[in-house]
Every structure is written in structure tokens, then in C-alpha cells.
J.: 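This is the structure I want to talk about, given as C-alpha cells.
Whatever order the structure lists ligands and atoms in, that order sets their numbers, starting from 1.
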Amino acid sequence: MELDTSRIVADTNEYLKLTFDVSMKEASPNELHSALAHVMMMQLSRRWSECKTARKGKRHAYYFSAEYLIGRLVYSNLYNLGILEPLRAAFAEQGIDLACLEEVEDPALGNGGLGRLAACYLDAAATQRIPLTGYGLRYRFGLFRQRIDENGNQRELADDWLRFGDPWSFRRNNHTIRISFPDHTVLAVPYDVPVIGFRNGNIGTLRLWQCEAEEELDFDAFNAQDYTRALNEKNKAEDITRVLYPNDSEWEGKRLRIKQQYVLSSASLQDILRSYQENHGGDLDRLPEYVAIQLNDTHPAMSIPELIRLLMQRGYDFEHAFDLTRRVFSYTNHTVMSEALEKWDLNLLGSVVPEIVEIIWRIENRLHSEHPDLSIIHDNVANMANLSVYMGVHVNGVAQIHSEIIKHDIFRDWYAVFPGKFTNVTNGISPRRWLGLCNPELTALLEDNCFKGFLTDLEQLQNLKPMIDGGMIARFNAIKRRKKAQLAAVVLEKEGVEISPDAVFDVQVKRLHEYKRQLMNALAIMDIYYAIKDGSIRDFPPTVFLFGAKAAPGYRRAKSIIRYINRVAKLVNSDPAVQGMMKVVFLQNYNCSYAEHIIPAADISEQISPAGTEASGTSNMKLMLNGAVTLGTLDGANVEIVEAAGAENEYIFGATVEDITRIRDNYRPRDIYDQDMRIHRVVDTLVNGTVETDDGLNELYRGLLDGVDWGRADTYYTLYDLRSYIDAKLRAIYDWRDRESFGRKCLMNIASVGKFSADRSIAEYAKNIWGV
Ligand code: NBG
């Protein structure tokens, strides 16, 4: 693809005049973004359709996901096209700083790791020319925007990401699909987003469905001046893709959620069948030869009965449709949290998609005839994970330890019967977005020392190991400091808080969930705070503790934890006794773009879930790639990170899965609280007025010591691990003072990160699961 930057600038100028009647200098960032993106889409469209044509009629994989956390596209698209810097220069000549596009909001059509993983995988597939198309939903409002109020509470605001348009997609009216529910029929209209491979001329597709009414306006009702009724159908249809469910693990039993999942499943399958039939005619017997569908968790699991339904509608009998369907799908499990393993009450499901329920029953009966001991339905509730395991060709977890846990724990009975289905694909991240784009300084250092091309072959970084010396470490440390100074500027602007680039940056960024133990981090900070004040720790290296996390709006305890962190921050940051030694900052509205500033600046990567709870984690990989050491438990992908980089380069603490299994039944956190006065002291700060307390913090306190809501006391072993956590944290912070030896650890992490490239993960899916 030949892209001429001066032409792009000129066309952008033209477009601005035509559409907004402004000159480039007068244009707002959103206008400039819109114009530039439209110009780029014009330039890409021919190539894009050539790529589609080239893939026609060949075996193809499809990623079905309710979430794609694609983040801001303009920089990553230009970067992947190889014209970000030339274009920056060309615009600069016109007096325009492309940095102004930082104001453009992220499309946040996902919650956290699962949605970001989907986005990284599409990037990797396009970069390796693997035929993979993403299917998802085009939510009118993505993940809420977060503000922290003066009491430290999370406030949620609607994420109106479409306010300034969505120039990186094309609406494809001609591929609109009708979806019927008992109470209405809606249109699913596709919007195609190009997925640009890294400097290889390849473009893949992410197709997002938007629900609309067949008739926008009930004219008779309007005439009768009943304006609400006149828009009834429109609103009811649009409601389906109105909002992303703001949960990453909690289960919402809502009819609307069923409709969302059904639209995703049915529209995507009908689209696939249409394109299959265009190439291969009406004989669907060979469908499994050409189509592999990956279910990203169970949100799209309704696709399984839906495909059977669609095949039966096209004349196949159940048995035949069942056999074909069983060869099409594979399923990735992303969590062991039982709340997140979707289960649908069949009466509820039947009121929204009655035919699907009938087919689930037929699948259940079929299962019983083969394996009387297994079942998908219990007490009239369908377990969508079990359905996916039974009907999937392959079932995988997302890190080695997680894949073992699903075999031996949550799917134990199924593993006993279908051992061959189960496999592992450890997650990976896109080195383009999470290094090349967000950390050009480090990228340049690595390019100077390695072979070029490591951004698409991350294992090359291994070559760094023998080259790490004092000079390289000094350069690395200088880059790290520079990235901290850049982050400090962003933090000052967004949060109004000053942080010093000469401090250690200790970072925990991820969704807020009890199992991720942000509370344990905050308690450890309180312990360090007291220890500095009472003189039991001295010469504490200045440290900034950074948190970024959104809590599901209905998740009360998670929101209490945010409040507690903010109150700890208030106490610590205003106490002259620790001034210049420690600072705590809760970064508001953590999202992809914020992450691109935070991650390159981190020294310490907090990955502190109790062993056996975090399926994989991916921020651990992003932070490793940017040269942070992991302060973590042996959980999720941390296990493989330690294996790759060596335990001497990380800070590992806490109970292992085996330890937890051993102590579980006799675990009494109150004993720890009674015996360890330091732990006692910090746990008490939840309730004793050290920081402002309230019912929510009281609940956290009781949760740790007695258990609440029928839960066990300290469900996530916070008090059990707290002591070893504090020790490891202090060790990491003090070790940081030896800039050379700490810098070496950071570089050893970078040199060992190869395995965690999304390119490796996607190649494994392509080879072992999809056969493409
Ligand atoms: C999340 C896990 C993470 C994992 C990502 C991507 C869900 C349901 N699961 O540990 O919690 O890294 O999926 O696999 O969001």
C-alpha cells in the first residue's frame, strides 16, 4: 500500500473544509480526527476489499466475543501502517500537533482483560495474515467513564463514545440481518472496522452488530400525537445494543442480556452461512471444513443451539445438524469465578428465545444417551460452560495453571470423559500497541541492540541477554525515568496530583475485584506508612503507589475498596511525616489510552491475586514487556513469567495453590489478626477512624474477619498472604535503590517476554485449534 503523507494532509484539509467548514488550524481535535480517519478509510478501502477477496472460499476462523476493548484507533492504525511519524511531521509543518488527538475518546466496548485480549488477537492475526474475522456488538454506550468524588467514591458517567461519530467503521446496510424474538423483530446492522496488520498490507475485519427497528416510526401513533408509542419499536430494538454490561465476572440474569447474546450469535452465524453459501452453494455438509468458530467465554455460547436451529431451518434433521455443529466450535474459558460461568434459567431463556431452549433440551437428551452421568441442565437451569465443553472441538484455558485447574476442578467430570478436548493457550499481548506505540524510546533501544523486526518476532529479545551491561542498563534507566516524567505530566493534568519521576512507581492496574486484592495492596501501604512513622523502617526510597481500576457499578464491596484506597491516599498524601517518601494516587477512568501512559512508567507490577483465582492476567505481560518486575503470587500467567525470566528477577510471595488447598478448611483469619499486631493495626484502620469510615468499610472489615453474605471469612486469603506480601514489596522497593542490579532485572524481564506475544498465542490457536 503506497501512502503519501502530503496527500493525506491535503485531503484532510479538504475534508475539514467540506464537512465542518473549518481550516485545519481552526478544527477541534475531534473534527481533525474525523477528517483524518475518513481520509485514511478512503485510502484503505481498496486494499481491504482485495484482502477479503483473497480469502474467499478458504477455511476461515471467526472470533465470537461480546467484548472488544479496542481503545483509541487513530494512533495504532497509523502506527501499524508505518506512517505515524511521517504524518506527525507532515502535520507539524502545517502547525498541527497530532498529540491533540489524545483528546479523542477510546471506544471501550469491553470491560477488561477479556475484551482487550480479543483486540490484541485481531491485531496479531492481521499481522500474521491468519484468516480471522471478529464478530461483536456495537454498543451505543461502552464501559462507563469513571470519576472519583470528594469522598473517594466511584461515580459512573455514560460513555458517549459515538458523540463525535465513529470514522473508523463502515456501515454495511447490504449485510443487515433480521432477528426475531417473540415480542418483536429487529435488524442487526453490521459496522465493519478494519484491523490493520503491522506494516504488511494486510487488513482483517471486526464486524460489530447494531440493533435497529424495522420501522423507525409508528406513523399512526405519531399522527394520534402519542409520541412515546410512535418511537416504541425503535427504542425497544435499539435498547438491545444500548449498553455494554459493566461486569467482568458477575452474572446478570437479564432478558436484555439474553437478547444481546442471541443477536451476536444469530447475526454472526447467518452472516457466516451467507458467505459460505456464496462460495460453496447450498450444501452445508462441508461447513466444518471451512468454518472454525472460537467462543470467547460463554457469552456467545447460544451460537451452538442457534447453529443447529439454522441448519434445521435449512432442511437438516436434528442429528445431522448436531453432528455438523459439533465440529465447528471451540471454547475458551476465561475465569474460574463461579458467578461468571453463565447459567440460564430455561423459563427465562424460553421467554426470549423459545426455539433455543428446545434445542438445548435435545442436546441434553443426546448427551444423556451417550453419557448418562453428565448433564448440561440442572433444576431447569442450563450451564452454558458445560454446553460449550460438550459441543466444542477444543476447550482451552488461558494459562498453564488455569488450564490445569479447569481440567481437574471446574470441568473435572467432563475431562474424565473427554480428555482429548482439553488444551491450553497461554494468553499474549500485542507488542505493537504495548511496546512499539506506547514506548518508542524503549523500542529504539531494543532495535539498536537486537535484530530489527522483534515487534513481530518477540522471541528475538532473547538475544538481549548476553548484551546486558552497565551501559545498556544506564540507557534503560534513563528511558524509564523519561517515561515516568511523561506519566507525571499526564497525572498532573488528569488528577491534579504531582508525582516525582525520581520515585519508585509501584503499579496495580486492572478491574477492581475482591480476588485481585487491591485491598491487600492498600493495607500493605498503610503498614509501610506506620512503619515509616514509628521509625521501624528507615531510608525508605520515595515511592508512588498507583492504582487504576473500575468497579462494576453494582458491586458494593469493590466500590468500598476504591473508597478505602482514596481515603488512604488522602491520609498519606497530606501527612508531612511521610512527605517526599510516599504518595498514593488513584488514577481515574483507567482505560486503554491511560494504560499506554502508565505501563511504560512502572517499576513494579502488582499481580497479587491468591493462587488459583486469576485465569491468566495480561497487564502482567504488558508491564513485563516494558521492563517492570513482577511482585506477584504463583497465579495465572505469573507462573510462566517467573519460569521465563527466572525467580531471581521477580518478587514472588504468598501461598501456592497447594498451600491454599491444604489450609482451606481450617483457615481462621481472626487468629492472624489476633497474633500479628502489625496486621491488627492496619486492618483496624478500616473501622477505627484513622481514615473516614462507613458501613462499606465496616463490611470489608467484617468480611476479612468473620465473612459476610454467607461468604467465608477472608475468602481471598488477604490476611494469610499479607505478611509475605509486605516483605516482598519492601524488598522490591529497597532493591530498586541499586539502580544497576534492579535495571538488570528489568532488562532480563524484557529479554524473557517473547512467549507472551499475542503472535505466539494466535499461531497456537491457528495451528492447534482452528487448523487455518
Ligand atoms: C479474564 C480473566 C483474566 C484473563 C482475561 C483474558 C474475564 C471473564 N476473564 O485473568 O480474569 O487474563 O480474562 O483471558 O474477564
J.: Are Glu514 and Arg557 within salt-bridge range, i.e. N to O under 4.0 Å?
T.: yes

J.: For ligand 1, which atoms have a heavy atom of Ala615 less than 4.0 angstrom away?
T.: 10 (O)

J.: In Å and rounded to the nearest 0.5 Å, what is the CG to OH distance from Leu208 to Tyr191?
T.: 10.5 Å

J.: Regarding Asp123 and Arg432, does a basic nitrogen lie under 4.0 Å from an acidic carboxylate oxygen?
T.: yes

J.: Between Lys729 and Glu606, is there a side-chain N and carboxylate O pair less than 4.0 Å apart?
T.: yes

J.: Enter the distance from Ser616:OG to Leu114:CG here, rounded to the nearest 0.5 Å.
T.: 11.5 Å

J.: Asp297 versus ligand 1: do any nitrogen or oxygen atoms come within less than 3.5 Å of each other?
T.: no

J.: What do you reckon, does Gly113 have a nitrogen or oxygen under 3.5 Å from a nitrogen or oxygen of ligand 1?
T.: no

J.: Applying a 4.0 Å heavy-atom criterion (strictly less than), which segment of Asn111 is in contact with ligand 1: side chain, backbone, both, or neither?
T.: neither

J.: With heavy-atom distances below 4.0 Å as the criterion, list the atoms of ligand 1 near Gly617.
T.: 3 (C), 4 (C), 10 (O), 12 (O)

J.: Please determine if Arg140 and Asp159 form a salt bridge, counting it only when a charged side-chain N lies under 4.0 Å from a carboxylate O.
T.: no

J.: Is Arg257 positioned over the aromatic face of Tyr245, cation under 6.0 angstrom from the ring centre and no more than 45 degrees off axis?
T.: yes

J.: Does ligand 1 have an atom that lies less than 4.0 angstrom from a heavy atom of Gly636?
T.: no

J.: Do any nitrogen or oxygen atoms of Lys516 come within less than 3.5 Å of a nitrogen or oxygen of ligand 1?
T.: no

J.: Which residue is it: Arg556, Lys559, Arg563? I am looking for the one with a salt bridge (charged side-chain N to carboxylate O under 4.0 Å, His left out) to Glu699.
T.: Arg556

J.: Within the 4.0 Å heavy-atom shell around Glu614, which atoms of ligand 1 are there?
T.: 2 (C), 3 (C), 10 (O), 11 (O)

J.: Please could you name the atoms of ligand 1 that Tyr515 approaches to less than 4.0 Å, counting only its heavy atoms?
T.: 11 (O)

J.: Heavy-atom distances under 4.0 Å decide this one: backbone, side chain, both or neither, for Leu114 against ligand 1?
T.: both

J.: Examine Thr335 against ligand 1 and note whether any of their N/O atoms are separated by less than 3.5 Å.
T.: no

